J.: 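The structure follows.
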Amino acid sequence: MKRLALLLATAALSTPAMAADVLVPEPPAPAPYVIEPVTQTTTWTGLNLGVQAGVAFGNSDNGANFNTSDPVFGSGVFNDDDNAGFIGGAHIGYDYQFQNNVVVGAVADINYIDAETNRSYTTPSNGTFNSNSDINYLGTVRAKLGYAFDSVLVYGSGGLAYAGVDNDVSAPSIPGYSFDSNGDDADIGYSVGAGVDVMATQNLSFGVEYLYTNLGSNEQSVTGTNTVTGDTIRYTTDSNDDDLDFHTIWAKASYHFN
């Protein structure tokens, strides 16, 4: 009996120790989860090369006058015909994007252009005077200032424009008069405009751009001399708005070395 009591006492004393041995320790607390800030992945900094194509169209200007007291020629206003034409070429540029997303840069382009302006005046005796300005090529060198909304760049630009212009003036064949013509090549001016570019991949962007180009004064004239009396008449395209100017809208594609 005493032996049974001793065994029971021994079992009671050992049970807590055995229970302590089978306790599972608590797992460590998980490490804090840090959310990385979202950073801008698009950069506009770097050299870019590309092509552009679109349409060029002129301003309407019916202000060119023909004034003379000679009844053969009369007086009146010239009719204008400003034709829209294709324009396309290539460009090279460099942009730099600041940390505040302001973008500054420069771009130079050279383009073939098929655009012309025609003016005509018909005399009371059905003789027609014509003047024609045909633009063969157009180039610009412009500064850029814009703001980047990640992959979208909105900008304005402006700078020098130069062009090859063929001016031609013709007079009707009228007995008793000889004619001399004069036309100034208007080939230096300025371009201003704005555009939007979208970065489609890391290196390729597409965009659209508008430019207003003014190539300066473009006066053309024809002087007619009466071979009998020596009196002269003069036809001129000079007017209040005689600049050779036009608008351009084109699409662009550029490869960026960034």
Side-chain angles (χ1 to χ4, degrees), residues 36-59 82-116 134-166 185-216 243-258:
E36 295 291 337
V38 178
T39 58
Q40 180 169 303
T41 59
T42 301
T43 178
W44 294 90
T45 297
L47 179 72
N48 61 84
L49 300 172
V51 294
Q52 64 276 344
V55 62
F57 51 95
N59 283 331
D82 295 315
N83 298 320
F86 170 81
I87 183 170
H91 63 265
I92 181 172
Y94 185 87
D95 296 319
Y96 182 82
Q97 181 174 341
F98 293 93
Q99 291 185 350
N100 60 359
N101 295 333
V102 172
V103 177
V104 297
V107 60
D109 59 62
I110 185 69
N111 307 275
Y112 165 77
I113 179 172
D114 180 20
E116 62 181 7
D134 189 9
I135 308 173
N136 300 313
Y137 67 87
L138 171 70
T140 72
V141 179
R142 293 173 282 128
K144 293 173 59 180
L145 176 63
Y147 188 86
F149 300 89
D150 194 11
S151 61
V152 178
L153 175 63
V154 180
Y155 65 89
S157 70
L160 176 72
Y162 58 95
V165 182
D166 290 334
D185 288 338
D187 54 5
I188 298 293
Y190 65 90
S191 285
V192 293
V196 177
D197 288 339
V198 178
M199 195 76 76
T201 69
Q202 183 177 357
N203 300 101
L204 186 63
S205 72
F206 298 96
V208 62
E209 186 176 61
Y210 162 80
L211 289 176
Y212 167 74
T213 301
N214 189 311
L215 296 174
D243 289 349
L244 180 58
D245 59 344
F246 54 93
H247 307 271
T248 302
I249 298 177
W250 57 31
K252 305 190 308 175
S254 305
Y255 185 85
H256 297 259
F257 298 87
N258 52 14

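These values consider heavy atoms only, across backbone and side chains, with no hydrogens, waters or symmetry-generated copies. As the structure is a prediction and not an experimental result, all values here were calculated from the model.
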J.: For Ala163 and Ile135, which heavy atoms make the closest approach, and how far apart are they?
T.: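 In this case the closest contact between Ala163 and Ile135 is CB-CG2, 4.1 Å.
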J.: Can you see which heavy atom on Ala148 is nearest to which on Val103, and at what distance?
T.: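 That would be CB-CG2, 4.0 Å.
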J.: When you compare the side chain of Asp109 with that of Gln52, does any pair of heavy atoms fall below 4.5 Å?
T.: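 When only atoms from C-beta onward are counted, Asp109 and Gln52 do touch, with a gap below 4.5 Å.
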J.: When you compare the side chain of Leu215 with that of Tyr190, does any pair of heavy atoms fall below 4.5 Å?
T.: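 No, their side chains stay 4.5 Å or more apart.
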J.: List the steps, then state whether side chain to side chain contact (heavy atoms under 4.5 Å, CB included) holds for Leu211 with Val192.
T.: CA-CA 5 Å; Leu211 289 176; Val192 293; over 6 Å; no
J.: Side chains of Ile110 and Tyr162: closer than 4.5 Å at any heavy-atom pair?
T.: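 Yes. Closest side-chain heavy atoms under 4.5 Å.
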J.: Run Asn258 and Thr43 through side chain to side chain donor-acceptor pair (under 3.5 Å) and show every step you take.
T.: CA-CA 7 Å; Asn258 52 14; Thr43 178; 5.6 Å; no
J.: Specify the closest pair of heavy atoms between Gly146 and Leu153, including all atoms of both residues, with the distance to one decimal.
T.: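 Scanning both residues completely, I find the closest heavy atoms to be C-CD1, 4.3 Å.
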J.: To the nearest 0.5 angstrom, please state how far the CG atom of Leu49 sits from the OH atom of Tyr255.
T.: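 Output value for this atom pair is 10.0 Å.
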J.: Please report the interatomic distance OG1(Thr45) to CZ(Phe98), rounded to the nearest 0.5 Å.
T.: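 Thr45 OG1 to Phe98 CZ: 8.5 Å, rounded to 0.5 Å.
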J.: How about Thr140 and Ser191: does a side-chain donor come under 3.5 Å of a side-chain acceptor?
T.: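 Judged by distance alone, the side chains do not pair up.
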J.: Checking Thr42 against Ser151 for the side chain to side chain donor-acceptor pair (under 3.5 Å) test, could you report, in this order, the C-alpha distance in whole Å, the side-chain angles of both residues, the deciding distance, and whether it holds?
T.: CA-CA 6 Å; Thr42 301; Ser151 61; 5.0 Å; no
J.: Any idea how Tyr210 and His247 line up, ring-wise: parallel (<30°), tilted (30 to 60°), or perpendicular (>60°)?
T.: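 Geometry flag for His247 against Tyr210: parallel rings.
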J.: Report yes if some heavy atom in the side chain of Val107 is under 4.5 Å from a heavy atom in the side chain of Val141; otherwise report no.
T.: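 Result no, sub-4.5 Å side-chain heavy-atom pair not found.
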J.: Does Leu138 reach the side chain of Thr213, with side-chain heavy atoms less than 4.5 Å apart?
T.: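 They are in contact (side-chain heavy atoms under 4.5 Å apart), so the answer is yes.
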J.: Supply the atom-to-atom distance His256 NE2 to Met199 CE, rounded to the nearest 0.5 angstrom.
T.: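 The NE2 atom of His256 sits 4.0 Å away from the CE atom of Met199.
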J.: From Asp166 CG over to Asp134 CG, what is the distance, rounded to the nearest 0.5 angstrom?
T.: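 Asp166 atom CG to Asp134 atom CG measures 6.0 Å (nearest 0.5 Å).
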J.: Between Arg142 and Glu209, does any side-chain N to carboxylate O distance fall below 4.0 Å?
T.: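 Yes, Arg142 and Glu209 are salt-bridged.
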J.: Side chains of Val198 and Phe206, heavy atoms from C-beta outward: is any pair under 4.5 Å?
T.: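 No; the side chains remain at least 4.5 Å from each other.
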J.: Can you confirm whether the side chains of Asp197 and Ser205 place a donor and an acceptor under 3.5 Å from each other?
T.: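 No.
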J.: Can you tell me how far the CG atom of Asn214 sits from the OH atom of Tyr212, to the nearest 0.5 Å?
T.: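 Nearest 0.5 Å value for the CG-OH distance: 4.0 Å.
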J.: Check the pair Tyr137, Asn111 against side chain to side chain donor-acceptor pair (under 3.5 Å), reporting the backbone distance first and the verdict last.
T.: CA-CA 6 Å; Tyr137 67 87; Asn111 307 275; over 6 Å; no
J.: Do Asn136 and Tyr112 come within less than 4.5 Å of each other through their side chains, counting heavy atoms only?
T.: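 No - every pair of side-chain heavy atoms lies 4.5 Å or more apart.
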J.: Which residue in the set Asn100, Asp95, Asn101 passes side-chain hydrogen bond (donor to acceptor under 3.5 Å, both in side chains) when paired with Gln97?
T.: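 Output: one option passes, namely Asn101.
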J.: Would you call Ile87 and Trp250 a side-chain contact if the rule is heavy atoms closer than 4.5 Å?
T.: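 Heavy-atom side-chain distance check passes, below 4.5 Å.
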J.: Is the distance from the ring center of Tyr147 to that of Phe149 below 6.0 Å?
T.: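 Aromatic pair counts; centres sit under 6.0 Å.
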